[in-house]
Amino acid sequence: MASSSELNRLTIAEASDRLRRREISAVELTRACLDRIAAVDSRLNAFITVTEKEALEQARAADHRLSSGQAPALCGIPLGIKDIYCTSGVRTTCASKILETFVPPFDATTIAKLRAEGAVFVGKTNMDEFAMGSSTENSAFGPTMNPHDLTRVAGGSSGGSAAAVAADECLASLGTDTGGSIREPASFCGVVGIKPTYSRVSRYGVIAYASSLDQVGPFAKTVRDAAILLRALAGADPRDSTCSARPVPDYERALTAEVKGLRIGVPREYFVEGMQPEVESSVRAALKQYESMGAKTVEISLPHSSYAIACYYIVATAEASANLARYDGVRYGLRAAAEDNIELNEKTREQGFGAEVKRRIMLGTFALSAGYYDAYYLKAMKVRTLIRRDFEQAFQKCDVIVTPVAPTTAFRLGEKMSDPLTMYLSDIFTISVNLAGLPGLAMPCGYDGNNLPIGMQIIGPQFSEDAILRAGDAFERSGAVTLRRPAL
Ligand code: GLN
């Protein structure tokens, strides 16, 4: 049995069980996470804000509910929340100076749902400013360090949420994924992350980056925990008109470990020259493992893959330039001293936004400007359709697709900061999934020679979260990979 100082290492499934049997209390569990944060977060910088007082209050309320014997699955479970989710009464910065003092008066729908289940929020996690980046180095609050190697990045943009789970600062966490921001940091930190189908989970109250691509989802220590959390998050929301009304399956019950006859597509475009050889060999070994469990692998092609990054950086920046127009110095957060409205607007944005955010606003504004719209945005939308069709055709030959999450394991802090294009390439295997609106699961499948986690991605057709979670859980339960806890 874990000693009380190790309660923070439990999975949601284990903790929930022990909470219900009243072997442990939600207050003890929350304390263990808060103590862990106090012990290691000065080295990791996974949290922007730690909400100790609120967390202990929530934990006490959860204990009350638990003692009544009728508590939902997440009652008393300590979670980290990416600082892009509006949390009522708790500062929400999006890791930007422009929102440094913004305290939302309301909860995002997902936060309200978790609150209603009795979950405990230990704090708001670090990220790239406005979710723009792949390393969490574009944060106005300093970078997050990778728990497996403090000289390396945690990935991004949800780097804090991934690092916090890997370092056992919380049992699970929430992130967002526009082009890879859940899957890439999950891969770099050796945890599980799922980007659901576009529209599966409400985005109401989640600060918008690129609205046709953004989707929210969980980070967890196991595939089962990700399934439990996703079930609580998913479902219709009258406040988000894009949110699907499709019924939400019981994802945990879908975890039958059965993969016999499963057809796994292996896209030839995703095993490219220049990728780290250990990443390729580790994903290929996972495919062999699936074959030994009765699955079949089939080679497939996603011929328009090479256009994905270019297409994404038109669509995402165009949408970002529109979404970020609201930070005008009048309505939220920072307000620069100025003589008139125009100066107020200019100075606030000049002082409040970081370099990468400014770069994206300029790119996006250009792509949408009169005379260029057809050449850039319209063309990108057409390419996006071709990318979506590639997947539709592939799914006639296979049930799921397995790929690496990223071409390399976690890179060194500072290594890619001077060259935005190399940074953009970290998302080469994740971005198409957002353009096509599909669900994608990231999970550990091995380690490289430096002891750094390697991530495997399982992609499915729209609304096939149950199938990709089942495939991931089967691999996890096969015991093919022994997870390594970071030595902090
Ligand atoms: N790295 C990609 C970008 O910078 C994706 C980020 C994300 O998914 N939010 O846009």
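Both ligands and their constituent atoms are indexed starting at 1 by order of listing. Since this is a predicted model, take the numbers as computed values, not measurements. Below, each value reflects all heavy atoms present in this structure, side chains not excepted, and no hydrogens, waters or symmetry copies. When a residue number appears, it is its place in the shown sequence, counting from 1.
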Query raised in the report: With under 30° as parallel and over 60° as perpendicular, where do the rings of Phe366 and Tyr376 fit, or are they tilted in between?
Result: tilted
Point to revise | Exercise: do Gln215 and Thr176 side chains pair donor with acceptor under 3.5 Å | key: no
Query - Donor + acceptor pair across side chains of Asp237, Ser202 (<3.5 Å) - result: yes
By side-chain hydrogen bond (donor to acceptor under 3.5 Å, both in side chains), Asp107 pairs with (sequence neighbours left out) Arg115
min-distance protein heavy atom vs atom 5 (C) of ligand 1 -> Tyr312 OH, 3.2 Å
Discussion item. Against ligand 1, does Gly133 come closer than 4.0 Å with any heavy atom?
Written reply: yes
For Ser157, the ligand 1 atoms with a heavy-atom partner under 4.0 Å come out as 9 (N)
among protein heavy atoms, the one nearest atom 7 (C) of ligand 1 is Ser181 OG, 2.3 Å
Ring-ring centroid check Phe411 Phe188, cutoff 6.0 Å: yes
Quick note on ligand 1: atoms under 4.0 Å from a heavy atom of Met132 include exactly 4 (O)
Review point. Do any N or O atoms from the side chain of Gln457 and from the backbone of Ala442 form a donor-acceptor pair under 3.5 angstrom?
Key: no
Short version for Phe130: what comes under 4.0 Å of ligand 1, heavy atoms counted, is neither
So the atoms of ligand 1 within less than 4.0 Å of a heavy atom of Tyr313 turn out to be 2 (C), 3 (C), 4 (O), 10 (O)
In this structure, atom 1 (N) of ligand 1 is nearest to the protein heavy atom Asp427 OD2, 2.6 Å
Next item on the list: Report yes or no: does Tyr424 have a heavy atom closer than 4.0 Å to ligand 1?
Entry: no
Result for salt bridge (Lys or Arg N to Asp or Glu O under 4.0 Å) between Asp177 and one of Arg203, Lys82, Arg183 points to Arg183
- N/O separation below 3.5 Å, Asp177 to ligand 1: no
Near Tyr209 (heavy-atom distance under 4.0 Å), the atoms of ligand 1 are 3 (C), 9 (N), 10 (O)
Q | Check: Glu184 side chain, Asp427 main-chain N or O, donor-acceptor pair, under 3.5 Å | A | no
- Determine, using heavy atoms of Arg360 and all atoms of ligand 1, whether some pair is separated by less than 4.0 Å. yes
For Ala131, the ligand 1 atoms with a heavy-atom partner under 4.0 Å come out as 6 (C), 7 (C), 9 (N)
